[in-house]
Amino acid sequence: MLESQVGKLENRSKPIAVIDSGVGGISVLRELVEIMPHEDYIYFGDSANAPYGTRDKSDVLNITRANLDMLKDIGIKALVIACNTATSVAVKILREENPDLIIVGIEPAIKPPALLYDHPTVLVMATPLTLKEEKFLSLMAKYADRETIIPLPCPRLAELIESGELDSPEIDKYVRELLSPYREQKIDALVLGCTHYPHVKDVIMRYVSPTVRIFDGGEGTAQETRRRLESAGLLRSGEGCGRVKFLNSSDDERLIELSKKLLCRQ
Ligand code: DGL
């Protein structure tokens, strides 16, 4: 066998790394495992540095770069940045710095409502950093003539979700307060622009009209990862179910347990 073919086989058997500031990206990991069950995954939650959404842009870039370097030392075939905030500030730069690695990011799912509705009003819940970054501003400009987009920064929500109690009175109260100004307004779609938020979708649904459709970028990101691996010849097939390994930058054991619980939750 040619050396290059051996190299490709070795690469194909490596895991896909999925990263986030904490347990949020597990909402994306779920979609990845669903459509690519034969792959191995390393999920790295950076809970020691969470939340990212209220940090400085340069901070989030440096942290994400260091996390990628650590994962490259372990050996990975692709990186999924399952964090809207880290994607906003780091994806472009990390792709330039790592031209040989497949790097997939996530962005608020603003496009699907534009395809489904005629000029919908779309509320986008995300972290303050995601919403002020150039990446989101240009996405918003791109759809400005097809949707009315209302950005809604949710500075504390990811942090509350990290505490692990997903239906706590505190989360309920915070979500109610965030959404109450829009109660009388006609909203067609709600975009969960932070990967933590799908974990509290049930709470969010309490405070929007049942006619509001909720979107997140998890499935689209998983599909894009599959496409990229396939076109690089790196997709595994028919080799039994893969494994998921959880790593966390915090030494709080509870977070690994919470991560496993969230992966199995529907
Ligand atoms: N889960 C992340 C996102 O998608 C970040 C949350 C945070 O750490 O503030 O934006």
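Any value given below was found using the heavy atoms of this structure, including those in side chains, with hydrogens, waters and symmetry copies removed. Start at 1 and go down the list; that is how both ligands and their atoms are numbered.
- There is a side-chain donor-acceptor pair under 3.5 Å between T130 and T85.
- No side-chain donor-acceptor contact under 3.5 Å links Y43 and N248.
- A salt bridge links E224 to R227: at least one charged side-chain nitrogen sits closer than 4.0 Å to a carboxylate oxygen.
- Below 4.0 Å from some heavy atom of A158 lie the following atoms of ligand 1, by number and element: 6 (C), 7 (C), 9 (O).
- I204 is listed as a side-chain neighbour of M125, based on a closest heavy-atom distance under 4.5 Å.
- Heavy-atom proximity to P51, at under 4.0 Å, picks out these atoms of ligand 1: 7 (C), 8 (O), 9 (O).
- By the criterion of a heavy-atom distance under 4.0 Å, the side chain of T127, and not its backbone, is placed next to ligand 1.
- Heavy atoms from both the backbone and the side chain of C83 come within less than 4.0 Å of ligand 1.
- Taking every non-hydrogen atom of S21 and a distance limit under 4.0 Å, the qualifying atoms of ligand 1 come out as 5 (C), 6 (C), 7 (C), 8 (O).
- Every atom of ligand 1 is numbered from 1 in the order shown, and the set under 4.0 Å from a heavy atom of D20 is 1 (N), 2 (C).
- Scanning the protein heavy atoms around atom 10 (O) of ligand 1, the nearest turns out to be T85 OG1, 2.6 Å.
- Atoms of ligand 1 lying under 4.0 Å from at least one heavy atom of G53, given by number and element, are 7 (C), 8 (O), 9 (O).
- Residues M70 and F44 meet the side-chain proximity criterion, which asks for heavy atoms closer than 4.5 Å.
- Contact check for V18 versus I42: no side-chain heavy atoms found under the 4.5 Å cut-off.
- Residues D167 and D202 are not in side-chain contact: their nearest non-hydrogen atoms beyond the backbone lie 4.5 Å or more apart.
- Within the 4.5 Å cutoff, no side-chain heavy atoms of Y41 are placed close to those of R243.
- When only non-hydrogen protein atoms are considered, atom 7 (C) of ligand 1 lies nearest to Y52 N, 3.3 Å.
- At a heavy-atom distance under 4.0 Å, no atom of A50 approaches ligand 1.
- Close contacts of ligand 1 with N84, meaning ligand atoms under 4.0 Å from a residue heavy atom, involve 3 (C), 4 (O), 10 (O).
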